Structures are given as structure tokens and as C-alpha cells.
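Taking it in order: structure first as C-alpha cells, then the write-up.
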Amino acid sequence: FEASARLGAVLDFSGVTFCDSQGLSTLISLHRDVTAAGSRLVLTNVGDFMARLLEITGLRAAFDVESDPLRAADVWTEERRERSDQSDEG
């Protein structure tokens with residue numbers, strides 16, 4: 001996986017009913033890669049199972065979670081726009 005500093009990632013968890021340690025490890029690695037590229041990973045449509053798993057493991061604070069997929073895309077679009085405005089000023 002390669003993340004661009006200009007793009008973010010939105011993961012739609014619709015239909016996800018199970019996630020084991022390998023899934024969490026993959027999610028953490030993806031988050032690390034996206035963050036290292038200066039962007040954000042936003043989770044959307046996180047069901048009760050995933051929400052509870054993120055809370056129990058202490059990972060909830062590490063992820064941006066949006067219930068609305070369109071709003072999830074807006075989260076990193078707004079950040080990208082702000083970053084662009086800052087670079088134009090400097």
C-alpha cells in the first residue's frame with residue numbers, strides 16, 4: 001500500500017461482522033502508512049461489533065470514525081484543502 005499525502009483513505013465497514021487479530025493488525029498498518037504519508041484514514045459504517053472491538057482494544061482514539069460515508073470523504077477533503085491553503089501562504 002502506498003498513500004499519497006494528497007489523498008486519504010475511507011474504509012467502509014458495511015457488512016463487517018467479524019475481525020480477528022490479523023484484521024486489526026492490517027488496520028493498524030494501514031493507519032500507520034496513511035498517517036506517515038501526511039493523510040488520514042477514516043472508517044465509516046462501523047457496526048456495533050467493530051465499534052466495541054475498537055473500544056476494547058483502545059484503538060478507537062486512533063481512528064476517525066464517521067457514520068456517513070459522504071461525510072467521511074469530506075473529512076480528508078477538508079484537511080487536504082486546508083493543507084493546500086497553508087502551502088499557498090508559505
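Just so you know, these numbers come straight off a predicted model, no measurement behind them. Heads up: numbering here begins at 1 and tracks the sequence.
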Quick check against the 3.5 Å criterion: does [X] have a side-chain atom that pairs as donor or acceptor with the backbone of [Y]?
X   : Y   : result
T44 : E66 : yes
R60 : F63 : yes
H31 : L41 : no
T35 : R32 : no

Of all heavy-atom pairs between [X] and [Y], which one has the smallest distance, and what is that distance?
X   : Y   : answer
M50 : V16 : CG-CG1, 4.0 Å
T57 : L54 : OG1-O, 3.3 Å
L24 : C19 : N-SG, 3.7 Å

Within-4.5 Å side-chain heavy-atom neighbours: [X] and [Y]:
X   : Y   : answer
F18 : D20 : yes
L11 : N45 : no
Q22 : L27 : no

query: Just how far is it from atom CG of L43 to atom CG of L59, taken to the nearest 0.5 Å?
result: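 Reported to 0.5 Å precision, the distance equals 10.0 Å.
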
